[in-house]
Student: 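Before I ask anything, here is the structure I am working with.
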Amino acid sequence: MSDDLYWGLVDLANGLLSGATLGGFYAVIAMGLSLNFGVMRLVNLAHGDWLIAAAFLAFAASRLLLVSPFIVIPIVVLTMFAVGYVMQRGLLNRVSAEAVARSDLNAGFGVMAPVLVTFGLSIVISQTLLAIANSDTRSIATPLSYSAIRLTEDLSISTLRLIFFFSAIVILGGLSIWLRTTHYGRAMRAAADDPETVRLMGMKPDQIFAIASGIALAMAGVGGVMIGMLRPFQPFDGPSFLLVAFGVVILGGLGSILGTLAGGILLGIVQVVAGTYFGPSAVQVAGYMLILMVLAFRPRGLFAR
Amino acid sequence: MTAITERVTSSPAHYRPLGLAVVGVAMLCLPLFANGYAVYLAFTFCIFAVMGQAWNLLAGYCGLLSAGNQLYVGIGGFTLALFNYYGGFSVWTALPLAGLSAAAMGALLALPVQGRSQSVRHLIAVAAVVLWLGYEVAITIKPALDIFGSAYTRRLIFLLIIFLWELPLLKLEGPYFAVATWLIAAAVESVMTEWRVSGAGAGMRIESTANLTHLYFTACGLLILSTFGLWLILRSRFGPALTAIRDDAEAAAAVGIDIQAIKAVAFIAGALMTGLAGALYFMDATVITPASAFTVFWSAYIIFIVVAGGMGTLTGPLIGAALYVLIDRVFGQTFGYGLLILGMSSIFVIIFLPRGILGALARGEVGVRASIPW
């Protein structure tokens with residue numbers, strides 16, 4: 001085999017491998033947003049800031065308890081679940097599509113109300129983080145963040161990303177099975193389709209929405225820990241992760257779990273491959289153009305329901 | 001029907017144009033008796049009110065919820081900076097060019113939607129590709145022709161332009177449209193961050209010869225012009241068409257309103273207004289970076305201004321902009337935490353004043369907003 005061909009293949013394999021594993025991370029980041037939209041029809045602009053808040057929570061917990069960030073994941077996930085539940089019950093249920101439909105406000109407002117409330121939340125979260133933790137960058141890197149598994153002499157893969165990839169499959173797969181087979185999962189899908197009928201069947205859509213929101217933020221908790229392990233973060237990083245999450249959700253089709261995973265992997269591969277061939281500055285642009293192109297040809301995403 | 005007519009004739013909305021005119025005259029006289037800080041606040045108010053009017057035209061009337069109006073702020077600002085720095089243009093000469101290039105960007109995004117001329121559109125794209133290849137050849141022969149300074153950025157810019165030309169942006173709906181506009185702004189931002197000619201990530205300085213009073217009069221004139229222009233449009237036969245699209249797009253299409261054409265015109269007009277306002281803002285700020293010009297916070301402020309003031313109304317963005325200046329500039333600079341207060345008031349407004357401030361003031365005229373445009 002000629003040298004050029006060999007290195008070309010190594011580059012390609014590298015791009016595919018690290019892109020696909022990056023995609024797992026993207027899928028976890030985006031899942032909460034997808035769930036928010038899929039169940040509550042809620043465009044949650046605060047999602048990126050919740051991710052960063054979770055990263056800060058993991059940072060604080062692992063510093064206080066003097067343990068590895070992996071140990072504090074359950075704490076972060078449970079706290080975020082509680083926050084999501086309370087936020088939905090106390091605030092977001094008041095502006096849900098159903099609540100707006102019951103009042104005499106016009107339909108355009110029904111779209112705008114949650115957007116503006118979550119925009120307000122987004123600012124409140126990032127400003128609160130800024131007030132507590134100032135604008136220094138933080139990191140919860142573990143020794144695993146810098147290790148890699150060698151596959152061949154010239155091909156290796158980041159251990160951490162590989163772990164993230166398999167966790168993504170387990171988490172998203174678990175969620176998918178839970179939504180299909182359990183009572184609450186079915187109730188959630190029913191509430192997504194028709195909250196009014198769910199109410200007639202004797203269940204409380206508000207309660208179901210609160211649990212869905214809790215799960216969404218619990219996922220954001222996992223995503224936040226992942227962000228913290230992969231790179232340094234600071235209070236204002238939320239919107240850039242929100243944009244990535246939006247991109248993944250749109251690639252996969254809003255509200256589709258397997259679509260989210262596939263969308264994440266596709267975005268990861270395109271970004272890393274573009275970075276390999278056109279330099280690091282092409283990473284972002286290639287990702288944006290991929291998403292726009294999918295929108296142009298399949299306006300409701302690749303795996304729309 | 002009679003009920004609606006009754007409400008219209010008896011509603012205070014009837015007197016609003018007169019009230020607006022009084023406010024406009026008062027604002028023009030402001031520098032005569034106010035100090036510099038008050039004029040600066042009024043200048044900021046005008047800028048954000050114009051941006052609010054532009055966004056309201058799209059969202060309030062055409063149902064296009066854009067999250068990417070920072071694109072035109074950035075394009076306007078950078079056009080101004082580039083002509084000012086490389087062309088030696090004064091900021092006042094560069095200002096109309098900034099508006100034009102923002103409008104051109106809007107046209108690039110909005111025109112592809114016209115269904116009748118698909119083949120013409122593709123022909124133009126092919127012609128653009130041919131011209132681009134010709135330019136590439138010309139550069140290899142005579143490198144002095146390259147005004148982009150970097151082969152990578154040049155190719156990226158051309159590719160992006162042709163790509164955006166082919167993208168049917170206005171066909172997207174709801175959240176897809178919002179995210180697409182944001183993505184386009186983010187894509188242009190990352191190009192600008194790479195481009196050495198525009199100062200890469202560090203941005204550019206603008207040699208501004210403008211003093212605050214002149215800036216204020218220009219911004220105020222722009223606001224009066226755009227508000228009056230919108231008022232005229234809403235009174236013309238496009239007004240009922242716009243209102244019809246706002247209230248029920250399908251029914252509007254069924255009675256023969258060319259929705260796509262009206263949306264495209266509104267989109268380009270909005271881009272022009274936002275670009276001019278953005279350029280004015282940077283004439284005062286004198287420093288522009290890709291991060292400050294293309295930040296999604298522009299959209300966030302604009303959306304706050306329109307929704308808090310009253311969406312789909314002519315005076316709503318004015319009230320919202322006044323509230324924004326009050327919270328962010330006055331409270332923020334006096335007590336700190338301006339953004340925190342802005343975030344909280346955004347939640348507060350939606351929960352307690354869901355029709356916006358204007359809607360709350362006009363409580364009791366329930367049917368009015370559905371029947372008249374201001």
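Below, each value reflects all heavy atoms present in this structure, side chains not excepted, and no hydrogens, waters or symmetry copies. Below, read A as the first sequence line, B as the second, and so on, with proteins coming before strands; counting in each chain starts at 1. None of the values given here were measured: they were computed from a predicted structure.
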Student: Considering all heavy atoms of both residues, which atom of A:Leu295 and which atom of B:Leu172 are nearest to each other, and what is their separation?
Tutor: O-CD2, 3.6 Å
Student: Going by heavy atoms in the side chains, are A:Met289 and B:Leu159 under 4.5 Å from each other?
Tutor: yes
Student: What residues, two or more places apart in sequence or in another chain, satisfy side chain to side chain donor-acceptor pair (under 3.5 Å) together with A:Gln271?
Tutor: A:Tyr26
Student: Check whether A:Tyr288 reaches the backbone of B:Ser190 with its side chain - one donor and one acceptor, N or O, closer than 3.5 Å.
Tutor: no
Student: Do B:Trp182 and A:Leu242 come within less than 4.5 Å of each other through their side chains, counting heavy atoms only?
Tutor: yes
Student: How many angstroms lie between CG in A:Leu292 and CZ in B:Phe163, if you round to the nearest 0.5 Å?
Tutor: 5.0 Å
Student: Output a table of donor-acceptor pairs, distance under 3.5 Å, between side-chain atoms of residues 115-133 of chain A and any protein atom two or more places apart or on a different chain; print 'none' if there are none.
Tutor:
residue: A:Thr118; atom: OG1; partner: A:Val43; partner atom: O; Å: 3.4
residue: A:Thr118; atom: OG1; partner: A:Leu45; partner atom: N; Å: 3.2
residue: A:Thr118; atom: OG1; partner: A:Pro114; partner atom: O; Å: 2.9
residue: A:Thr118; atom: OG1; partner: A:Val115; partner atom: O; Å: 3.1
residue: A:Ser122; atom: OG; partner: A:Asp49; partner atom: OD2; Å: 2.8
residue: A:Ser126; atom: OG; partner: A:Ser122; partner atom: O; Å: 3.2
residue: A:Ser126; atom: OG; partner: A:Ile123; partner atom: O; Å: 3.2
residue: A:Thr128; atom: OG1; partner: A:Val124; partner atom: O; Å: 2.4

Student: List the steps and the verdict of side-chain contact (heavy atoms from CB on, under 4.5 Å) for B:Leu183 and A:Ile250.
Tutor: CA-CA 11 Å; B:Leu183 284 167; A:Ile250 278 180; 5.5 Å; no
Student: Roughly how far, to the nearest 0.5 Å, is the CZ atom of A:Arg94 from the CZ atom of B:Phe352?
Tutor: 5.5 Å
Student: Relative to chain A, which segment of B:Phe304 carries a heavy atom at a distance below 4.5 Å: side chain, backbone, both, or neither?
Tutor: both
Student: With a 4.5 angstrom heavy-atom cut-off, could you sort out which part of A:Phe37 is near chain B: side chain, backbone, both or neither?
Tutor: side chain
Student: Does CZ in B:Phe148 sit with more than 12 non-hydrogen atoms of other residues, nucleotides or ligands closer than 6.0 Å?
Tutor: yes
Student: Got a second to check how far A:Met293's CE is from B:Leu167's CG, nearest 0.5 Å?
Tutor: 9.5 Å
